[in-house]
Asks: 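Can you read through this structure? Questions will come right after.
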2 protein chains.
Amino acid sequence: MKINQVLKALSHPIRREIITRLRDGPQSAGELASNFGVSKPTMSTHFAALKDADLITAERDGVTINYHLNTTVAEEAMSAVMGILGAGEEKAPAIKNKRKKAAI
Amino acid sequence: MKINQVLKALSHPIRREIITRLRDGPQSAGELASNFGVSKPTMSTHFAALKDADLITAERDGVTINYHLNTTVAEEAMSAVMGILGAGEEKAPAIKNKRKKAAI
DNA sequence: ACTCTAATTAGAAAAATATCTAATTAGAGA
DNA sequence: TCTCTAATTAGATATTTTTCTAATTAGAGT
């Protein structure tokens, strides 16, 4: 899984909403685009970023292109984020002799 | 929780590793910096991004500054990411009459 | 073959990000 | 107070990202 591309993809609110919408099933580029106040070419670059991260796949049906969420990669991404942020893990036992002082 | 700042913070590999390291307990700016091949000022900007996202807190002890992981925000961030990517959720029942075609 | 629609690619501009060196701040200790 | 150390802020530059309009591609239908 391309953790770098995946987390870059997740760093933009429009791309996050695209993912959320695709959880309910595939949608065309045009349908997706209609929800956001940006141009279609801008949406295309967001789709490209999500494809680059393998978070979505594209499938052409005649003249329209339908995007699908790649649930496998979505789940891998969740695991990876838990691995980074620490899935309910415990701090190592404290080592003494470190004076604590005021916050900044 | 500042989802935008949090996910921006997670989008850089150095910042991700800072978080991972702080899971084992607080560390000073200098200790953290020694693990990466970038300058100290660059590390300061990464610390600032993490502080802005409330993922870490700073505490001064004399001349050194110790950074702590904010586990509360880290856990909120995990929940948020699961909410976006879909924590084991199911697709809505399929609607028919959508022809499927070749991938692109 | 023409034309219409859906979407992308091309090219450009503005904004944000990442990085560096130099300068500054802040505390500790002689 | 001077000086040393740890770290940040200032200022500059290069790169990347986001966004736009205009042009192109691709398929469907007439």
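All values below come from the heavy atoms of this structure, side chains included, with hydrogens, waters and symmetry mates left out. In what follows, chains carry the letters A, B, and so on, assigned in the order in which the sequence lines appear, proteins first and then strands, with residues in each chain numbered from 1.
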Asks: Evaluate the criterion side chain to side chain contact (heavy atoms under 4.5 Å, CB included) for residue pair A:I3 and B:R16; output intermediate values, then yes/no.
Replies: CA-CA 11 Å; A:I3 189 66; B:R16 290 198 293 274; 4.2 Å; yes
Asks: How is A:S44 classified with respect to the nucleic acid when contacts are heavy atoms under 4.0 Å: base, sugar-phosphate, or nothing?
Replies: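 Base, at least one base heavy atom under 4.0 Å.
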Asks: Please state how far atom CD in A:E59 lies from atom C1' in C:dT8, giving the value in whole angstrom units.
Replies: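 Distance, rounded to whole Å: 17 Å.
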Asks: I need a per-nucleotide contact map over nucleotides 10-23 of chain D, read 5' to 3'. Cutoff is protein heavy atoms under 4.0 Å; write B for the base, S for backbone only, - otherwise.
Replies: -------SSBBBB-
Asks: Would you name the heavy atoms of B:A77 and A:L85 that are closest together and state the gap between them?
Replies: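 What the structure gives for the nearest pair is CB-CD1, 3.6 Å.
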Asks: Within this structure, what is the CZ-CD distance for the pair A:R21 and A:Q27, rounded to the nearest 0.5 Å?
Replies: 6.5 Å
Asks: Under a 4.5 Å cut-off applied to non-hydrogen side-chain atoms, are A:R15 and A:F47 in contact?
Replies: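 No; the side chains remain at least 4.5 Å from each other.
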Asks: Answer yes if the side chains of A:T42 and A:T45 hold a donor-acceptor pair under 3.5 Å, and no otherwise.
Replies: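 Side chains of A:T42 and A:T45: no pair found under 3.5 Å.
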Asks: Give the rounded distance in Å between these two atoms: CE of B:M43 and C1' of C:dC20.
Replies: 15 Å
Asks: What is the distance from CZ of B:R60 to P of D:dT5, rounded to the nearest Å?
Replies: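 After rounding, the reported distance stands at 16 Å.
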Asks: Working to the nearest 0.5 Å, report the span between NZ of B:K40 and OG of B:S34.
Replies: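 It comes to 9.0 Å.
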Asks: Rounding to a whole Å, what distance do you find between B:I65:CD1 and C:dA28:C1'?
Replies: 15 Å
Asks: Taking CG from B:D61 and C1' from D:dT5, how many angstroms apart are they, rounded to a whole number?
Replies: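 In whole Å, D:dT5 C1' and B:D61 CG are 14 Å from each other.
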Asks: So B:Y67, base contact, sugar-phosphate only, or nothing? Heavy-atom distance under 4.0 Å.
Replies: sugar-phosphate
